[in-house]
S.K.: 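Below are the structure tokens for one structure; questions will follow.
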2 protein chains.
Amino acid sequence: MALAEAILVCLTDRPMSGYDLAKTFDASIGFFWRASHQQVYRELARLRDRGLVDSREIEQSGRPNRIIHTITDAGEDVVHAWSLKPCRMPSVKDELLVKLYALDHVDIPVLHEQLDIRLDQHRAKLAAYHRIKEKFYDGQDLTRTQKGKLIALTMGISNESEMVKSLGKAITMLGEIDAQS
Amino acid sequence: MALAEAILVCLTDRPMSGYDLAKTFDASIGFFWRASHQQVYRELARLRDRGLVDSREIEQSGRPNRIIHTITDAGEDVVHAWSLKPCRMPSVKDELLVKLYALDHVDIPVLHEQLDIRLDQHRAKLAAYHRIKEKFYDGQDLTRTQKGKLIALTMGISNESEMVKSLGKAITMLGEIDAQS
DNA sequence: AATCTATATGCAATTATGTGCATAGCGGTT
DNA sequence: AACCGCTATGCACATAATTGCATATAGATT
């Protein structure tokens, strides 16, 4: 149930609407915890019911009213309590690796394409991380929160650039197998 | 629903009981797709209902009877069709990174411990991968299937060793923040 | 004039995953 | 003698996540 906490964490920064949060989950915090807009709205309703956010509607003309959610003291307590609890290992579920594992039962040219696509996706992610790093975290005077975000981002960059490298290697290895048979 | 396919892939190797499969998901294929024994048994029942595996009970004395599941032709067709479908990006969900992201709302000494624990977990995984690689894949005469598994394993090793490196860096960075405040 | 994108919210149904429990005998340890 | 771990299966309940749908309007593009 750490989606609740991820949302609360976002709201410690500033009060936001569900729409804003959904966009945040498409970028920044979404790099570490993915969630769809439906999930966000559902979880916000629960947080409201549990008294962890204070939700108030803002009148707008021309478009649907926004509902701005503010974290409450109870919400901040929940975040702190969560920070003390042990972290789970992220659960691994990668179809591409399963396909490599099952090489003999798989269409090799198609797998090749799929590896190329994945490589592009990781390259794109890496580029996005670098842009964000340069734009927001390359000055010297960073606040503590910014430093935390920079550490997370740095880990993201390491992982993505390693993925790019190891996918390259995997494609080469697959090519060699292909050539032999 | 790729748990179904992951199970079918295991059964292309040899017919297995649910118990065997559960153990396989605790190791080898479990490195790329995690599943609990309950999940495996439930999915096997579904595969049986869909006619993708053939399940027959083997009498045993002294312990519960085993049910051996064999992949059917229909099952193999499903695996092949799945191999043609595009792969999803694995969904990222890492509490530890969320905690780094939320540094200002988190207990720092506890986070330090959690990073250390995670570092140990990745070191353990890396060591396990290396042991498997040396034991099964360091000879020269590898079959095609083995080569596929080796590629997957090699990617696992790259990722884990990068995780070890970047967690080390993260711990250092966190230490520097701690010292300053 | 019609379509597309962005804003803004959310329900309903299905599928997937996780947690706890239940059964039961064998063999080894304390 | 009591307990633990391994073998072997699975149900039931609870929580989480995905997918498709639904509504409504402004402004820009084709």
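The sequence lines fix the lettering, A, B, ..., with proteins before strands; numbering per chain opens at 1. Atom set for the values below is all heavy atoms of this structure, side chains included, hydrogens, waters and symmetry mates excluded.
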S.K.: Report the distance from atom CZ of B:R66 to atom P of C:dC26, rounded to the nearest whole Å.
M.R.: 18 Å
S.K.: Go through the steps to decide whether B:W33 and A:E95 satisfy the test side-chain hydrogen bond (donor to acceptor under 3.5 Å, both in side chains), and finish with yes or no.
M.R.: CA-CA 8 Å; B:W33 198 279; A:E95 280 192 82; over 6 Å; no
S.K.: Give the rounded distance in Å between these two atoms: CD of B:E59 and P of D:dT7.
M.R.: 20 Å
S.K.: Rounded to the Å, how far apart are B:H37 NE2 and D:dC6 C1'?
M.R.: 13 Å
S.K.: Ignoring hydrogens and angles, does a donor from either the side chain of B:R42 or the base of C:dG18 sit under 3.5 Å from an acceptor on the other?
M.R.: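 Pair found.
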S.K.: Salt-bridged, A:D20 to A:R66, with N to O below 4.0 Å?
M.R.: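 Salt bridge flag = yes for A:R66 with A:D20.
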S.K.: Nearest-Å distance, CG (B:L47) to P (D:dG10)?
M.R.: 13 Å
S.K.: Quick one: A:E43 CD to C:dT9 C1', roughly how many Å, whole number?
M.R.: 17 Å
S.K.: Between C:dT19, D:dG10, C:dG10, which nucleotide gets closest to the side-chain atoms of A:I67?
M.R.: C:dG10
S.K.: Please identify which of these residues, A:L115, A:I177, A:T172, meets the side-chain contact (heavy atoms from CB on, under 4.5 Å) condition with B:I151.
M.R.: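 Of the listed options, the one satisfying the test is A:I177.
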S.K.: For A:A35 and for B:S17, find the nucleotide of DNA chain D with the closest heavy atom, then tell me which residue's nucleotide is more 5'.
M.R.: B:S17
S.K.: Tell whether B:R34 reaches the base of C:dT17 with its side chain through a donor-acceptor pair below 3.5 angstrom.
M.R.: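 Answer is no: no donor-acceptor pair is held.
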S.K.: What do the steps show when you test B:L11 against B:L21 for side chain to side chain contact (heavy atoms under 4.5 Å, CB included), and what is the final call?
M.R.: CA-CA 8 Å; B:L11 294 179; B:L21 277 163; 4.1 Å; yes
S.K.: Taking atom C1' of D:dT15 as reference, at what distance in whole Å does atom CG of A:L3 sit?
M.R.: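 The distance from CG of A:L3 to C1' of D:dT15 comes to 12 Å, rounded to the nearest Å.
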S.K.: Is the shortest side-chain N to carboxylate O distance from B:D94 to B:R118 below 4.0 Å?
M.R.: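 Here B:D94 pairs with B:R118 in a salt bridge, since their nearest N and O are under 4.0 Å apart.
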S.K.: Could you state the atom-to-atom distance from CG of A:D20 to P of C:dA6 in whole Å?
M.R.: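 After rounding, the gap between these two atoms is 15 Å.
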S.K.: Among the candidates C:dT17, C:dG10, C:dT9, find the nucleotide nearest to the side-chain atoms of A:K93.
M.R.: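 Of C:dT17, C:dG10, C:dT9, C:dT17 is nearest to the side chain of A:K93.
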S.K.: Would you mind reading off the distance between B:M16 atom CE and D:dT9 atom C1', rounded to a whole angstrom?
M.R.: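 The distance from CE of B:M16 to C1' of D:dT9 comes to 17 Å, rounded to the nearest Å.
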S.K.: When only distance counts, do a donor and an acceptor, one from the side chain of A:Q38 and one from the base of D:dG20, lie under 3.5 Å apart?
M.R.: yes
S.K.: B:S91 near the nucleic acid: base, sugar-phosphate alone, or nothing, with a heavy-atom cut-off under 4.0 Å?
M.R.: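 No contact at all - B:S91 keeps every heavy atom at 4.0 Å or more from the nucleic acid.
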S.K.: Ignoring hydrogens and angles, are the base of D:dG10 and the side chain of B:Q39 linked by a donor-acceptor pair under 3.5 Å?
M.R.: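 Between D:dG10 and B:Q39, which were checked side chain against base, a qualifying N/O pair under 3.5 Å is absent.
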S.K.: Return no unless some side-chain N or O of A:Y19 is found under 4.0 Å from OP1 or OP2 of C:dT7.
M.R.: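 So the side-chain polar atoms of A:Y19 do come within 4.0 Å of the phosphate oxygens OP1 or OP2 of C:dT7, strictly under.
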